[in-house]
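Heads up, the thing below is written out as structure tokens.
Quick caveat, the model's predicted, so the values are computed rather than measured.
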4 protein chains.
Amino acid sequence: MSKVEKNKKQKESSLYKAAYDLFTTKGINDTAISDIIKKAGVGKGTFYLYFKNKYDILDKIILNKSTHVLSEAIRHTKAREFKDFEEELLYFIDYIIEYLRKDKLMLKLIYKNLSWGVFKKAYNDYEEIHEIYLMFERGYEKSPLHNDDIEKILFIILELTGSVCYSSIILNEPADIDEMKPILFKTVKKIIN
Amino acid sequence: MSKVEKNKKQKESSLYKAAYDLFTTKGINDTAISDIIKKAGVGKGTFYLYFKNKYDILDKIILNKSTHVLSEAIRHTKAREFKDFEEELLYFIDYIIEYLRKDKLMLKLIYKNLSWGVFKKAYNDYEEIHEIYLMFERGYEKSPLHNDDIEKILFIILELTGSVCYSSIILNEPADIDEMKPILFKTVKKIIN
Amino acid sequence: MSKVEKNKKQKESSLYKAAYDLFTTKGINDTAISDIIKKAGVGKGTFYLYFKNKYDILDKIILNKSTHVLSEAIRHTKAREFKDFEEELLYFIDYIIEYLRKDKLMLKLIYKNLSWGVFKKAYNDYEEIHEIYLMFERGYEKSPLHNDDIEKILFIILELTGSVCYSSIILNEPADIDEMKPILFKTVKKIIN
Amino acid sequence: MSKVEKNKKQKESSLYKAAYDLFTTKGINDTAISDIIKKAGVGKGTFYLYFKNKYDILDKIILNKSTHVLSEAIRHTKAREFKDFEEELLYFIDYIIEYLRKDKLMLKLIYKNLSWGVFKKAYNDYEEIHEIYLMFERGYEKSPLHNDDIEKILFIILELTGSVCYSSIILNEPADIDEMKPILFKTVKKIIN
DNA sequence: TATGAATGAGCCTTCATTCAT
DNA sequence: GATGAATGAAGGCTCATTCAT
């Protein structure tokens, strides 16, 4: 990579970092582009060299971060052995929960802006995400379930996990995450059996 | 009600209506207070006589609308006879789904801004909502489940219903609502059994 | 006084009191008429029955308060015996200083809006103020000074007293009032001798 | 200075000039920022590039103008020879009076907003103002007076000068400045002797 | 007389975007 | 490529004043 290339990458990533920090701490509406460039230490025009507008950089951040959680979760899951699919899935979910609990600000940012569409995009752009599908397919391999239905169940479980995390970790509603976890796990077990 | 009193109610409700229409069609961020008052046909100062700012009226609209869906759903459910709790609950959920499918704009508005906190508030302010709890309590009356856990299951089912509706009705992801319904129903059945 | 008359006086004086409290605590610019009527507990239209606008009530308050300080000072001075004019004048000034020190908020309000014009008006409208002139005339009765010059010296001494009070009591500049008093007294003595 | 730099200075100073003209002719309360930028021929945003708000530019104008009067007065005083301190001080005061008489609008603006605090700031930021102190120190060098007391006397004389100018030049009260001058001079002479 | 709901002019302030350097 | 000064549209909000009751 040439010196110029390196410099460009550096500017871009300092913009990402600054935007992420501001979005999570001040909120999206209250973050102006001028805040971002000030924090990133670059000129105002520079922002527009890399991003179309605030929502452009926001979308990219959300995609990055969401993908990262999921790929970390599947990577750790794959590195272990489990006695069955249920155990494996619960480990996977628990990994996500613990990750989000440790990074509440990120949870707040991605959940309210996350959609299955984003997930689909991640699936196409990042190979690691395929593994999540594969895990489900293996889990259901002896079942007569159609592949499309497997996707729907995956969807339901991820939505449920996300909802519960957001509500319990951020709002403490209807109870904190430690109280919700057993219910969530029991629910997931029922869903896949 | 005096003439003045009637006039006030009229202004307030024309503001509500105008704001709701604009929020659902143009979006929250792109709706200015001046848009609202223009549509409502009142002076700018009048807006601030009734609401603190845009988010004040938004919150009130969301609370109203959400409460309305739920209370309509429970009202219709109570008007019927069912052979068991499962049948009753599925009817209740189906009512919500069909309601939201018919009013996509409202779904879009309330879902992304709805939280269990709003629901709790509705529970305290509107008596109809109590009936939802009562339905669940009756459904679980023979079960050894703790009341707190019943609340959590109710929460999970409502979140799931909301998530599935939003994603399938608005985004058609991962499939349209007609395809998702059977999966959702099967899931709910599993959860309560 | 009829009941109606009494009620009117009461409303007017509650407006005065409310306005004074707000002007002194929040400042003139930051006090709105709606603040005043809220505090006074009267309707908005009522304000306009008694005053033309904010500056109308302000002017009247300043005139009242300034006159009150001066007439109290002269009343107390007249109630005592002094060995000469110098002693009398210093007592008079000291009375004003101590009064203003005890009511900093009032000092702040009247000083920045006081002028010799206000004083002149007070002279015409309130008889007590005449006494201040008389004190000076007596003090200078053996001197060949023209009456007009006496007025100018009175003006100079009052301005000086006001300036020193404002600066030292409110701003602590260039020193606090206890440090400034001896200098002020020495100066006044020099001026009249 | 680069072209950009020069352009910036130009914008800033056109804002200063426009604001000063409006403050002095229309008054502070009746001058809106939009008036200022219209007169200055710059965009609204430009104002906020240079000043925080109306009072920011006002404070800076007052400081500039007050400093200017005083530094002009001391500069002219230093350029002459006097037989003693009294003559020197009266010349200095007279210079200020004549300056203010020629620029009534400025007098109106600065006097009601001037305070010893502003003067202190000017003393720290502008070297010329030190000379005023030095003149007083030289004047009192044979006297046993403490330095702090010298400052207080300087304060008193300046306040008195300001008060008299404002009242007589602007309000013609209690007499016009030509009538007040002899009294003021006599008073100052008494104060320093 | 007293009220207070309604108004809308007009203020301040922000901010995305441009473009000359 | 990088900059940041300049912009002005747009928005939020306040408040003196009116007038029907």
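- One finds the NZ atom of D:K38 at 6.0 Å from the CG atom of D:D35 (value rounded to the nearest 0.5 Å).
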- prompt: In dot-bracket form, how is DNA chain F paired, counting a Watson-Crick or G-U wobble pair only if both its distances are under 3.5 Å and using | for bases paired to another strand?
  reply: .||||||||||||||||||||
Full working for side-chain hydrogen bond (donor to acceptor under 3.5 Å, both in side chains) between A:N64 and A:Y126: CA-CA 10 Å; A:N64 275 347; A:Y126 299 82; 3.2 Å; yes
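- For B:K104 (side chain) and B:Y166 (main-chain N/O), no donor-acceptor pair under 3.5 Å exists by modelled atom type.
- In this structure, CZ on D:F51 lies 7.0 Å from CD1 on D:I61, to the nearest 0.5 angstrom.
- In summary, the side chains of B:D21 and B:Y16 do not present any donor paired with an acceptor at a separation below 3.5 Å, with no hydrogens or angles considered.
- Looking at heavy-atom distances under 4.0 Å, B:L49 makes contact with a base.
- Take the nearest nucleotide of DNA chain F for A:N7 and for B:S34: the residue whose nucleotide is more 5' is A:N7.
- As judged by a 4.0 angstrom heavy-atom cut-off over every strand, C:Y48 is placed among the base-contacting residues.
- For the pair A:K65 and A:Y20, the cation sits on the ring face: its NZ or CZ lies under 6.0 Å from the ring centre, inside 45° of the axis.
- Contact annotation for C:Y50: backbone-only contact, meaning every heavy-atom pair under 4.0 Å involves sugar-phosphate atoms and none involves a base.
- Within the nucleic acid shown, B:Y55 has no heavy atom closer than 4.0 Å to any nucleic acid atom.
- Looking at heavy-atom distances under 4.0 Å, A:F51 makes no contact with the nucleic acid at all.
- Mapping heavy-atom proximity under 4.0 Å, the span of DNA chain F touched by chain D runs 5' to 3' from F:dA5 to F:dG8.
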